[in-house]
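Data first, discussion second: the structure below is written as structure tokens.
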Amino acid sequence: MFDAMTRYHQTLRDRQLSNTSTRRLIFETLLESGDLSMNELTAKLKGNVNRASIYRSIQLFEAAGIVRRLNAGWKYRLELSEAYSSHHHHLTCINCHRVFSFQEDNETAKAITKLAEKSGFEDVTHQLEIRGLCADCQRKNK
Ligand SMILES: [Zn+2]
Ligand SMILES: [Zn+2]
């Protein structure tokens with residue numbers, strides 16, 4: 001069975017990083033919440049951890065491939081990397097910069113792989129970047 005927590009401990013061990021309570025709290029919070037901005041993450045951890053050590057832990061998590069950064073306008077959001085969550089993509093609104101997650105169907109995933117294979121690639125993985133105007137912003141603009 002896939003267990004994000006086990007993989008997290010394994011990654012820390014492999015990299016000889018200790019599992020401090022700050023790191024564990026951040027990991028658990030991202031695991032529970034999906035994607036968060038730095039402010040939202042800080043707010044959720046309020047009182048428990050200071051901002052500087054949250055920043056340090058996030059940097060370390062990014063370097064270790066535990067966390068990835070989703071750019072949304074000039075801001076960014078944080079989420080656990082695909083090793084810790086199921087394969088999915090994001091739609092970013094060009095107006096309000098909110099990020100929406102979605103999963104493509106199997107057909108689409110296969111079509112992407114096929115395209116890459118036509119160019120002689122194997123062991124194909126992919127990321128998609130999709131931008132547009134979200135439903136809320138469309139309504140407000142009318
Ligand atoms: Zn929007
Ligand atoms: Zn995909």
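All ligand and atom numbering here is 1-based and tracks the order in the structure.
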Of the backbone and side-chain N, O or S atoms of C134, does one lie nearer to the Zn ion (ligand 1) than 2.8 Å?
yes
Row for the Zn ion (ligand 2): angle NE2 (H126) to OE2 (E104), 10° precision, value 100°
**Q.** Metal site the Zn ion (ligand 2): N/O/S of H88 inside 2.8 Å
**A.** no
Which atom of H89 is nearest the Zn ion (ligand 2), counting N, O or S only? It is NE2
Restricting H87 to its N/O/S atoms, the closest one to the Zn ion (ligand 2) is NE2
Is F102 atom CZ crowded by more than 12 heavy atoms from other residues, nucleotides or ligands, each under 6.0 Å away?
yes
CG/N106: more than 12 non-hydrogen atoms of other groups inside 6.0 Å:
no
Output for pair (L17 CG, T11 OG1), nearest 0.5 Å, gives 9.5 Å
C93 SG to C96 SG via the Zn ion (ligand 1), rounded to 10°, gives 110°
Worksheet item: Between R77 and V99, is there a donor-acceptor pair closer than 3.5 Å when you use the side chain of the first and the backbone of the second?
Response: no
- [ ] Specify whether H126 and H87 have parallel, tilted or perpendicular ring planes, treating 30° as the upper limit for parallel and 60° as the lower limit for perpendicular.
- [x] perpendicular
